[in-house]
Amino acid sequence: MTLLSDIISASAHLHSSNHLPSDEYDRRIRELVEYFRRLQTTKALESFANDESFLDRFDPAIDSIPFLFVLRVQIQKVQEQNADLFPADIRPSGKLWTRAAHFLASFDGVQVRYAGREWRLLVELVGQASQAASTASRLVSNISWPLLGATLVKDAMLRLDPSGAVFTSSHLLLVRLCLQAKAYSCALPVLNKQICHFPISLGRPSSEPSVLCADHGSSVSFMTEASEVSSKISYRDYLQYFLYGGMVYMALKEWRKALHFLGIVISMPTTSSVSLIMVEAYKKWVLVGLLEKGKLCPPPSITTPHVVKVYQSLARPYIILAHTFERGDLKKLNAEIDAAMGVWSADKNLGLVAQVVAVFFSQTVIKLGKTFAALTMADLSKQVSPSPVCAEVTGPAVSSLIMSRALNATLVQTKDHAESSMLRFSSIHSLPRLSHELDLQSQLKQEMKLMETLVINLGETNNNLGLSDEYVDSLHKGQVWSGSSEVNPTGGETGLEMDEDLMGDMS
Amino acid sequence: MDTTLPDASGPSRADMDTAALGDTAAITTPRARVPVKVEDDADMVNVAEPPKFDLDTYIANYTGRTRYDRLYLIGTCSPLLSTDALKAAITEAKTSKDVSRYERAVRALADVAPNDPDASLDAAWVQETSRYVQTQTERLEHELRGYKNNLIKESIRMGHEDLGNHHYETGDMAAASKAYSRMRDYCTTPNHITSMLFKMVNVATERGDWMSVQSNVHRLRNSQSKPEDAAKNLSKISAASALSQMHQGSYLEAANSFLSVPLDLGDTYNEVISPNDVAVYGGLCALASMNRDELQKNVLDSQTFRNFLELEPHIRRAIAFFCNFKFRQCLDILEAYRPDYLLDIHLQRHIPQLYKRIRTKSIEQYMIPFSRVTLDSMAKIFAPTVVGGEARPTDISSPFVQELVGLIQDGVLNARIDLEKGLLVSNQIDLRAEVQRTTLESLREFNEEAHLRILHSAVLQAGLEVKPENGEGPGLGKGGRFPRAPGKD
């Protein structure tokens with residue numbers, strides 16, 4: 001049992017150094033992690049693999065590192081014993097699952113920064129186990145296992161990096177779980193944080209400006225490539241993340257945010273080819289643009305022109321649909337939709353297309369509200385669609401619009417011609433004043449906060465770019481050019497400096 | 001007409017009544033005619049109503065080739081005057097040396113009045129004139145060649161000028177303009193240059209090449225002639241430039257140019273434009289492009305233009321009515337003179353557009369002081385025939401309401417139609433809410449854009465651009481060129 005006491009003393013050593021200056025703390029915690037990694041490779045930890053009481057001795061909030069390493073070993077052991085990636089112990093409500101859940105909900109964010117790889121593997125395991133559980137037990141129970149996994153993953157991510165500004169592979173895992181669980185709002189705390197960075201190798205390897213445990217202004221300085229908090233990221237990962245994120249917002253009918261996420265996907269820099277994920281996103285972009293703004297939105301201005309051309313040729317039916325929508329003819333719109341039914345269902349955009357039709361009607365009615373202050377329902381249906389069939393349909397449709405507050409208007413029964421009631425649009429700015437103002441104020445504040453975080457991240461990006469190899473290289477080159485004349489000791493007349501340079505380079 | 005108010009300008013009363021009489025006839029046909037694309041071909045315009053002018057006195061205002069053009073236009077467009085006008089055109093053509101014009105006029109007359117003695121071609125005259133033109137051309141070209149051999153600049157210039165004049169008289173405009181432009185190298189005094197440029201302006205005007213008129217006018221302005229000459233030419237220059245601006249559709253500029261035409265234009269430019277024309281063109285362009293204050297200040301109170309307006313008092317009355325908020329009277333006057341203007345060689349193409357603008361502007365100006373107006377009262381002013389003719393003049397399907405709908409949708413009128421109470425309600429803009437809305441919107445747009453760009457640079461920095469499938473993998477792309485920090489501990 002010497003190993004156990006060793007471990008206890010090592011972590012106790014760390015506890016006592018809590019108040020130490022950060023570089024000392026950094027040194028000790030590194031030692032501790034090194035110690036565990038060594039134990040792991042020498043299989044010394046195997047002895048605790050079946051000892052369930054061992055984990056009870058540690059509190060994950062204080063002794064995050066020992067807990068994490070031993071839990072990993074135990075999980076591996078179980079996997080080996082059962083020759084199954086997700087045996088019952090690991091699956092939701094299994095013994096080890098509860099341990100993992102306990103850890104992910106309460107670990108110490110600073111300590112875990114040093115064991116990013118182990119943390120990531122645990123998060124991935126939890127996510128995959130919940131997925132596996134859902135496929136196995138879909139018929140038996142109606143508990144949403146992915147939701148359990150998603151909540152854990154989300155909490156763990158926010159615990160490690162509260163600013164959420166760095167993209168990791170866990171992000172993709174989370175949205176995927178949420179989409180599977182249909183628990184869209186679960187992903188929102190993470191989605192609403194703006195991703196501004198990717199894990200990269202920071203600065204020069206020789207000079208580490210600050211230690212991991214220090215209180216960093218931005219998470220980009222500890223979520224680095226070296227920490228392995230994220231697995232190796234390819235362009236496909238972040239494209240998928242933003243596409244899925246857009247789909248989450250679509251499901252919640254937050255069209256504006258969905259549009260922003262899709263805009264990110266379609267405007268990403270490309271070297272020569274276009275990813276199909278981007279094309280997929282463009283198709284949704286067209287439809288969501290119709291839903292939010294009622295017109296065909298041009299792609300963001302930073303999209304490269306040749307990519308736009310590719311979109312336009314690959315998403316032909318969508319663009320035609322958008323043009324018909326803009327022209328404002330319901331009959332033609334329906335015809336277009338029917339004609340390309342196969343395309344919509346093949347792209348799995350049928351739901352969005354159906355919403356486009358619904359929005360078309362309300363858009364037209366709202367537009368009429370800008371021209372008319374009041375008109376009869378009969379006139380209205382004539383304006384919306386010339387075909388007489390629509391006359392009976394418009395009445396209920398308009399009243400449902402009013403009831404859902406999409407349309408600020410009232411319906412009045414008139415005495416003289418009772419067959420048609422009068423629709424009176426409220427004047428444009430007659431909203432209830434106070435609540436409206438408060439609402440606006442909070443929105444403004446929210447946007448301002450967003451802007452502040454963006455400015456911080458912008459500074460961070462600027463700093464990173466300034467430290468990047470490319471920049472330093474080019475700076476160095478510039479210095480060589482300007483400095484070589486001084487370096488050359490044989491430098492003679494000032495008028496021939498250019499010649500001197502060439503000579504110096506050659507020799 | 002219940003809308004005619006007892007007003008200060010008494011003498012206009014009689015005029016008004018005649019205008020009102022002609023109104024019912026006048027208003028139905030123009031409306032049907034509006035969609036016709038006039039510029040497609042001028043022959044399509046058919047002015048059935050009798051114009052107010054007398055043909056002989058009208059044409060006596062002009063000299064030169066424009067007389068024939070105007071007569072021919074009236075002859076082909078107005079059935080009432082066609083015979084008289086075409087006959088006059090034939091005599092006009094016969095006095096000149098232009099055979100093709102003569103033939104054209106005779107053909108037109110033959111269509112209208114086949115039995116008229118003038119409707120058959122005078123073959124002897126045609127033959128004789130063409131032979132004369134032929135020999136004359138050869139003679140002038142021969143002379144010019146001689147001058148060129150002698151290398152005397154002034155003679156060469158005059159040779160070109162004679163040739164140009166000859167081509168101009170015989171109707172070969174392309175050749176005339178070529179000959180005139182060749183004069184340029186041989187001009188020795190500023191006077192020569194101005195006279196050459198004026199000739200080019202005339203040719204371009206007749207060809208309808210308004211860009212060239214514009215550029216020549218510009219050259220004329222910059223030519224260094226003596227101050228007294230410059231002052232003398234100024235009136236012609238500004239008239240020509242105004243005319244070209246009107247033809248290019250920039251009515252506000254045209255109005256300002258017409259307003260700046262000095263009074264001494266008089267009869268000096270009768271080969272293109274008469275002072276009466278300046279008054280009419282200027283007045284209409286101003287009505288179509290200026291608001292009431294500007295009209296009052298720049299047109300009615302203008303010292304020079306007032307004298308032009310004296311020549312065409314009805315235009316002055318129309319503008320005065322417009323300024324005094326009496327749009328019905330203004331529009332009535334304009335409607336009454338519509339046939340006259342449709343028979344004008346320069347105005348014909350622009351009348352539908354000008355009238356439409358004036359009408360739109362009067363509706364717009366009418367609406368300004370009101371927060372709400374009944375559609376009935378508006379219809380009485382702007383669509384009197386609709387009020388008389390239909391059971392429910394303010395129904396959604398009536399043309400007047402449709403016109404209003406169009407104006408609102410184009411953003412001209414900032415108002416909404418209340419069909420229940422028959423009102424046009426102007427939109428009150430809540431500035432506070434508007435500012436809040438735009439602030440929020442621009443904030444959001446900025447944030448989204450900034451986020452996009454930060455992400456963009458992050459992707460580039462991390463070397464994660466979207467790249468071809470086979471090239472994917474570590475060490476390729478941007479990251480590959482610059483080896484990154486080794487450390488995976």
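A, B, ... follow the sequence lines: proteins, then strands. Residue 1 opens every chain.
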Is there a donor-acceptor contact under 3.5 Å from the side chain of B:Arg444 to the main chain of A:Glu447? no

Tell me, with the steps shown, if A:Tyr238 and B:Val459 meet side-chain contact (heavy atoms from CB on, under 4.5 Å). CA-CA 10 Å; A:Tyr238 68 80; B:Val459 166; 3.3 Å; yes

Most chain B-contacting option - heavy-atom pairs closer than 4.5 Å, from [options]:
options                                : value
A:Ile277, A:Asp237, A:Val274, A:Leu440 : A:Leu440
A:Thr270, A:Val455, A:Thr371           : A:Thr371
A:Thr461, A:Ile233, A:Leu444, A:Leu239 : A:Leu444

So, the part of A:Phe167 with a heavy atom under 4.5 Å from chain B: the answer is neither

Going from OG on A:Ser272 to CD on B:Glu465, what distance comes out if it is rounded to the nearest 0.5 angstrom? 10.5 Å

In Å, rounded to the nearest 0.5 Å, how long is the span from OG of B:Ser457 to CG of A:Leu458? 8.0 Å

Does atom CG (A:Leu276) have a neighbourhood of more than 12 heavy atoms from anything else shown, all under 6.0 Å? no

side-chain contact (heavy atoms from CB on, under 4.5 Å) evaluation trace for B:Arg432 with A:Glu437: CA-CA 10 Å; B:Arg432 186 181 163 82; A:Glu437 291 263 316; 2.6 Å; yes

side-chain contact (heavy atoms from CB on, under 4.5 Å) between B:Ile408 and A:Lys370, worked out: CA-CA 8 Å; B:Ile408 293 171; A:Lys370 289 191 179 125; over 6 Å; no

For residues 445-455 of chain B, give me every residue with a non-hydrogen atom less than 4.5 Å from any non-hydrogen atom of chain A. B:Glu445, B:Phe446, B:Asn447, B:Glu448, B:Glu449, B:Ala450, B:His451, B:Leu452, B:Arg453, B:Ile454, B:Leu455

Tabulate, in ascending numerical order, the residues of residues 259-268 of chain A having at least one heavy atom closer than 4.5 Å to a heavy atom of chain B, or enter 'none'. A:His260, A:Gly263, A:Ile264, A:Ser267, A:Met268

Honestly, the part of B:Leu464 sitting under 4.5 Å from a heavy atom of chain A is both

Between B:Glu441 and A:Arg256, does a salt bridge (Lys or Arg N to Asp or Glu O under 4.0 Å) hold up when you go through it step by step? CA-CA 11 Å; B:Glu441 184 59 24; A:Arg256 198 190 169 106; 3.4 Å; yes

Taking all non-hydrogen atoms of both residues into account, name the closest pair between A:Cys196 and B:Ala458 and its distance. O-CB, 3.3 Å

Steps toward side-chain hydrogen bond (donor to acceptor under 3.5 Å, both in side chains) verdict (B:Gln436, A:Gln441): CA-CA 9 Å; B:Gln436 282 169 336; A:Gln441 203 176 7; over 6 Å; no

